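Everything below concerns the one structure shown next.
Keep in mind it's a predicted model, so treat the numbers as computed, not measured. Positions are given from 1 along the sequence.
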Amino acid sequence: MRCDGEVIIVGSGIAAMMSAYLLRKSFHVIMITKSDVFASNSFLAQGGIAAPIAEGDDWQAHTADTWKAGAAHGDETSIEMMTKHAVNMIELLDDLGVPFDREESGGYSLGLEGAHGTRRIVHVNGAETGKAVMRALWKAIKDEITLLDRTCVYRFIKNKDEIIGVETDQGSLFAPVTIVATGGCGQMYSVTSNGKEATGDGIALAYRSGAAISDVEFIQFHPTVYAGNEKEKGLLISEAVRGEGGQLITSTGERLQSLKSRDVVSREIFRQEREGHTVHLDLTGISDFERKFPALYKGLNKSDRRTLKPRVTPGAHFLNGGISVDAWGQTSLSRLYAVGEVACTGVHGANRLASNSLLEGLVFAHQAATHIQQTFQPLTAGLFVERDKAEPRSFKLPTREDLQKKMMRYVGIERHARSLWYMNNWFQPFLDTAHYNGPWPERDMFEQANMILLASLITRSAAIRTESRGGHFRADYPNSQDKFQQLIIEWQNGVHMKRQRPTIKELSR
């Protein structure tokens, strides 16, 4: 079978769809997703998109809040670029028909979320922003691209230092440009807001091919994952709820800080739970909660709908690091781009500011698409080769549940040299399988290997960073240290490197 596979996009979240939207007129785009096209964390995203739209707000203030939330570890030039483009991204989505909530005056209804200095969160139906944005983007691209859904990419095909295609469970597809946009890795933890597809596939694929990855020790835990019942396990209660007056209270009646940055609030809830207390989100102070946040209200069990005081707990939410990229989304491998949560652009630093995730996906998809259009000429006739059967091989891996429980306990909200040493030793029998870069007999095994590979790198990075900063908290090193500020721990070909991120002042010299 032959097709014009000029740009391959692996993933179907907001960064993937925006890339496809921007490239669809210049190239034939093939989007590959291992599940349904809407099975992504982007579709689950609630709160909204941060943009300095309000009178008196500006990109400088948005930049300052992003930098501060990121614990002074972010890439200043990338942050500025993102915040400067934020309003344009909202206008683009508006033109696509995204029904943003508005005031009676016609202006955007802006929400307030933790660590933002002002109201700047544009949202849809209270807390259904991701769903609305994804549907609008899909409507705009679905008739102009090729979708290969329920197709799993098992390997990037490499020629020297260039990526020339992908091997899937259906066969191999070749193209001059590949964009990886597979999202994060929350499923390696026992409590997570992420969908079941978030198993770190793209990072593992890139790393096995020789790409650099960085900042993976910085895992953001969202403080308010619903703990009401097993059926709604993983339901996120949006930060927008606290911005509208929701209050965190303990089972003893103590009121907690609700609008601090996510790492701070998550650690406080974690400590309350360690002392035997439960933490609840008091929603009774929000007038007409059911109307303002209909999807969240529907997700609560009957008892919590009546009391409006659901129990919450921190859960793995966002990977601040990922595949190392430049300002155009280029990885360390030629012809391979990475956008969205799978990439490390540096905009989030050590801890992502609320509602900057969808924004990052939009802005850096635009950056990557612009660079691809300026660099590559459309080609024709990418060749699809049917897949060979996987050779018999002995794979040694633990169960997913065992990995999740251990990562939550030993490499979770709080880390310690002892816990990291324990986990590093626990990984050793599984690493040969985790680094395997050939055909896989089944998807579940492939995903498990990806999680083991990435979890081991997260653990080793956390052991190297002997300080606490943002989403990385070391109980044995509870303070930040100047020597680690802007120091990036990067992994490539089994070796870790330390490099210093330049500041704007240094770049301007």
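Between Asp263 atom CG and Arg352 atom CZ the span is 12.0 Å, to the nearest 0.5 Å. Atom-to-atom distance recorded for Ile489:CD1 and Ile458:CD1 is 12.5 Å, nearest 0.5 angstrom. Thr399 contributes atom OG1, which lies 8.0 Å from atom NZ of Lys405 (distance to the nearest 0.5 angstrom). In this structure, CD1 on Ile9 lies 11.5 Å from CE on Met18, to the nearest 0.5 angstrom.
With Thr331 contributing its side chain and Ala338 its backbone, the two residues share no donor-acceptor pair below 3.5 Å. A donor-acceptor contact shorter than 3.5 Å links the side chain of Thr192 to the backbone of Ala316. Side-chain N or O atoms of His85 include one that pairs as donor or acceptor with a backbone N or O of Met81 at under 3.5 Å. Panel note: side chain Arg135, backbone Val98; no donor-acceptor pair is recorded below 3.5 Å. Thr33 places no side-chain N or O within 3.5 Å of a backbone atom of Val37 that could act as its donor or acceptor partner. Here the side chain of Gln492 pairs no donor or acceptor atom with the backbone of Ile213 at under 3.5 angstrom. Looking at Glu273, its side chain never comes within 3.5 Å of a backbone N or O of Thr278 through a donor-acceptor pair. A side-chain donor-acceptor contact under 3.5 Å links Asp476 to the backbone of Ala417. One N or O on the side chain of Gln500 and one on the backbone of Gln485 form a donor-acceptor pair closer than 3.5 Å. No donor-acceptor distance shorter than 3.5 angstrom exists from the side chain of Thr313 to the backbone of Val225, with no hydrogens or angles considered.
When the salt bridge (Lys or Arg N to Asp or Glu O under 4.0 Å) test is applied to Arg119, the partners found at least two apart in sequence or on another chain are Glu244.
The six-membered or imidazole ring of Phe221 lies near that of Tyr189, with a centre-to-centre distance under 6.0 Å. The six-membered or imidazole ring of Tyr297 lies away from that of Phe293, with a centre-to-centre distance of 6.0 Å or more. Ring-centre distance between Phe218 and His73: below the 6.0 Å cut-off.
For the 3.5 Å distance criterion, the side chains of Thr345 and Ser78 fail to qualify, holding no donor opposite an acceptor. Under 3.5 Å, the side chains of Asn301 and Tyr226 contain a donor-acceptor pair of N or O atoms. A donor atom on one side chain and an acceptor atom on the other are found under 3.5 Å apart for Ser193 and His317. Of the N and O atoms on the side chains of Thr66 and Asn356, at least one donor lies less than 3.5 Å from an acceptor on the other residue. Under the 3.5 Å distance criterion, with hydrogens and angles disregarded, a donor-acceptor pair is assigned to the side chains of Asn450 and Asp201. No hydrogens or angles considered: nothing links the side chains of Asn194 and Gln187 as a donor-acceptor pair under 3.5 Å. Between the side chains of Ser214 and Trp491, no donor-acceptor pair of N or O atoms lies under 3.5 Å. Side chain to side chain, Asp65 and His116 fail the donor-acceptor criterion of an N or O pair below 3.5 Å. For the residue pair Tyr108 and His123, no side-chain donor N or O sits within less than 3.5 Å of a side-chain acceptor on the partner.
One finds no salt bridge joining Asp304 and Lys309 here, because no Lys/Arg side-chain nitrogen approaches an Asp/Glu carboxylate oxygen to under 4.0 Å. Contact check on Glu290 versus Lys298 returns no salt bridge, with no Lys/Arg side-chain nitrogen under 4.0 Å from an Asp/Glu carboxylate oxygen. Salt-bridge check for Lys483 with Glu467: failed, with every basic side-chain N at 4.0 Å or more from each acidic carboxylate O. Ionic pairing of Glu197 and Lys34 is not present here: no N-O contact between side-chain nitrogen and carboxylate oxygen is shorter than 4.0 angstrom. Remark: Glu447 engages Arg400 in a salt bridge, criterion side-chain N to carboxylate O under 4.0 Å. Salt bridge present: Arg102 and Asp94 bring a charged side-chain N and a carboxylate O closer than 4.0 Å. Look at Arg460 and Glu217 and you find no salt bridge, because none of the NZ, NE, NH1 or NH2 atoms lies under 4.0 Å from a carboxylate O.
By the 4.5 Å heavy-atom criterion applied to side chains, Glu113 and Ser238 are counted as neighbours. Side-chain contact between Gln448 and Met451 is present, with heavy atoms from C-beta onward closer than 4.5 Å. At least one side-chain heavy atom of Arg242 sits less than 4.5 Å from a side-chain heavy atom of Pro223. Side-chain atoms of His222 and Glu239, non-hydrogen and from C-beta on, do get closer than 4.5 Å to each other. Two residues are said to be in side-chain contact when any heavy atoms from C-beta on lie closer than 4.5 Å; Asn479 and Ser468 fail this criterion. Between Arg465 and Phe484, some side-chain heavy-atom pair lies under the 4.5 Å cut-off. The shortest distance between side-chain heavy atoms of Leu248 and Thr224 falls below 4.5 Å. Arg499 has its side chain within reach of Ser324: a pair of non-hydrogen atoms, C-beta onward, lies under 4.5 Å apart.
Environment of CZ in Arg305: crowded, with over 12 heavy atoms of neighbouring residues, nucleotides or ligands closer than 6.0 Å. Dense packing is recorded around NE2 of His280, with more than 12 heavy atoms of other residues, nucleotides or ligands lying under 6.0 Å away. Within 6.0 Å of CG on Asp482 lie no more than 12 heavy atoms contributed by other residues, nucleotides or ligands. Within 6.0 Å of the CZ atom in Arg274, the count of heavy atoms belonging to other residues, nucleotides or ligands exceeds 12. Atom CZ of Arg271 sits in a crowded spot, with more than 12 heavy atoms from other residues, nucleotides or ligands closer than 6.0 Å.
The aromatic rings of Trp138 and Phe38 sit perpendicular to each other, their planes meeting at more than 60°, with 30° as the lower class boundary. Between Tyr410 and Tyr422, the ring planes lie tilted relative to each other; the angle falls in the 30° to 60° range.
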Applying side chain to side chain donor-acceptor pair (under 3.5 Å), run through Thr83 and Thr63 and close with a yes or a no.
CA-CA 6 Å; Thr83 57; Thr63 294; 2.7 Å; yes
With side-chain contact (heavy atoms from CB on, under 4.5 Å) as the test, would you mind laying out the steps for Ile452 and Leu403 before giving the verdict?
CA-CA 8 Å; Ile452 289 289; Leu403 171 65; 3.9 Å; yes
Assess the residue pair Arg311 and Leu281 against the criterion (side-chain contact (heavy atoms from CB on, under 4.5 Å)); give the C-alpha distance rounded to whole Å, side-chain angles, the decisive distance to 0.1 Å, and a yes or no.
CA-CA 6 Å; Arg311 184 183 159 221; Leu281 187 56; over 6 Å; no
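Taking all atoms of both residues into account, the shortest heavy-atom contact from Ala462 to Arg415 is CB-NH1, 3.6 Å. The minimum heavy-atom distance linking Leu359 with Ala50 is given by the pair CD2-O, 3.3 Å. Closest approach of Ala449 and Ala434 over heavy atoms only: O-CB, 3.7 Å. Residue Pro314 comes nearest to Ile413 through the heavy atom pair CB-CD1, 3.5 Å, listed as atom of the first residue, atom of the second, then distance. In terms of heavy atoms, Phe318 sits closest to Ser357 at CE1-CB, 3.6 Å. For the pair Ile179 and Ser19, the tightest heavy-atom approach, listed with the atom from each and the gap, is CD1-CB, 4.1 Å.
Between Ile14 and the choices Leu93, Asn41, Val133, the side chain to side chain contact (heavy atoms under 4.5 Å, CB included) rule is met once, by Val133.
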